[in-house]
Amino acid sequence: MAVAAVISGVLVSQADADTRGGSGAYGYLALFLWFGILAATPVLLAVAVPAAVMTRRVRRSEAAGTGG
């Protein structure tokens, strides 16, 4: 997601730097990346939070000697 944010910033700067108006598509590509980032954030959180909880439980049970 960090790479997409950097690429979208580059695309916006390229679209803004062109004074002839021929690079408007770069701005639309940047918007597409921003919508992708916004859509991916809840999905990644929905996967990462339970994974972190399960990893913590496994490490705790292994440390207590009750894990398999």
Self-check item: Linked hydrophobic residues, Met54 as query - side chain contacts closer than 4.5 Å
Solution: none

Exercise. Please answer: with hydrophobic residues joined when any side-chain heavy atoms are less than 4.5 Å apart, are Val6 and Leu33 in the same cluster?
Key: no

Self-check item: Interatomic spacing from CG in Leu31 to CH2 in Trp34 - rounded to 0.5 Å
Solution: 5.5 Å

Atom pairs and distances, side-chain donor-acceptor, residues 36-44, under 3.5 Å, sequence neighbours left out:
{"residue": "Thr41", "atom": "OG1", "partner": "Ile37", "partner atom": "O", "Å": "2.8"}

Quiz item: Between Ala30 and Ser8, what is the shortest heavy-atom contact and its length?
Solution: CB-O, 3.6 Å

Contacts table for residues 10-17: side-chain donor-acceptor under 3.5 angstrom, sequence neighbours left out:
{"residue": "Ser13", "atom": "OG", "partner": "Gly9", "partner atom": "O", "Å": "3.4"}
{"residue": "Ser13", "atom": "OG", "partner": "Val10", "partner atom": "O", "Å": "2.8"}

Quiz item: Which pairs count as side-chain hydrogen bond (donor to acceptor under 3.5 Å, both in side chains) when at least one residue sits in residues 50-59, sequence neighbours excluded?
Solution: none

